[in-house]
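Report on one structure; see the data block that follows.
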Amino acid sequence: MKKQADNFSKRARSQFSDFAKKVVTIVAKIPKGKTMTYGQVATKAGNPRAARAVGTLMSRNYNPKIPCHRVVRADGSVGNYNRGGAERKAEMLFEEGVR
DNA sequence: TAGCTGACGCAAA
DNA sequence: ATTTGCGCCAGCT
């Protein structure tokens, strides 16, 4: 119910959305061999509904500190990757011990 | 400024 | 169990 408006104000004061910063921090905190869903990242970022935005931020604004391959969908699927290299991402996770 | 797209999530059929 | 539709937020054109 319009609680997102609060975050909106904060976003306006910075050139880069505070959302993206949080996403970077959170994803960067993902331990090796583990995976986090976009929904979890979005939730920790401040908006549990912003799962899409998280993916958008990654695809459009790629960050070197963000092991995007460790971010998967809520269903457990690997989800997508840059340019559709989802299979590559899946293998990477598999070798880390993620199934 | 306004609109469209998109690395998602969840509910319903 | 699987597939389809709708809703959400943020970024880019």
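Because the structure is predicted, anything quoted here is derived from the model rather than measured. Because only heavy atoms are used, hydrogens play no part in the values below, and waters and symmetry mates are left out as well, while side chains stay in. Below, chains carry the letters A, B, ... as their sequence lines are ordered, and counting in each starts from 1.
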Practice problem: State whether A:R73 places a side-chain N or O below 4.0 Å from either non-bridging phosphate oxygen (OP1 or OP2) of B:dG9. | Solution: yes
Practice problem: Taking only the side-chain nitrogens and oxygens of A:N47, find out if one of them lies under 4.0 Å from OP1 or OP2 of C:dC8. | Solution: no
Quiz item: Which part of the nucleic acid, if any, lies within contact of A:A51, taking any heavy atom under 4.0 Å across all strands shown: a base, the sugar-phosphate backbone alone, or nothing?
Solution: sugar-phosphate
Interatomic distance where [atom1] belongs to [X] and [atom2] belongs to [N] [whole Å]:
X	N	atom1	atom2	answer
A:Y81	B:dG6	OH	P	20 Å
A:K44	B:dC8	NZ	C1'	17 Å
A:D75	C:dT3	CG	P	12 Å
A:Y38	C:dC8	OH	C1'	16 Å

Practice problem: Establish whether the base of C:dC8 is bridged to the side chain of A:R52 by a donor-acceptor pair shorter than 3.5 Å. | Solution: yes
Quiz item: Could one point to a donor on the side chain of A:R49 or the base of C:dC8 with an acceptor on the other under 3.5 Å away?
Solution: no
Quiz item: Considering heavy-atom distances to DNA chain B, does A:V72 or A:A53 have its closest nucleotide positioned more toward the 5' end?
Solution: A:A53
Nucleotide nearest [X] (side chain, heavy atoms from C-beta), chosen from [options]:
X	options	answer
A:C68	C:dC12, B:dC8, B:dA7	B:dA7
A:R60	B:dA7, C:dC12, C:dA10	C:dC12
A:T56	B:dG9, C:dA10, B:dA7	C:dA10
A:S59	C:dC12, B:dA7, C:dC8	B:dA7

Quiz prompt | Polar side-chain atom of A:K22 near backbone of A:K44 as donor-acceptor pair, under 3.5 Å | solution = no
Self-check item: Whether A:T25 side chain and A:K21 backbone form a donor-acceptor pair below 3.5 Å
Solution: yes
Quiz item: If every non-hydrogen atom of A:A45 is compared with every non-hydrogen atom of A:I26, which pair is closest and at what distance?
Solution: N-CD1, 3.4 Å
Quiz item: Are A:R70 and A:E96 ion-paired here, with the side-chain N under 4.0 Å from a carboxylate O?
Solution: yes
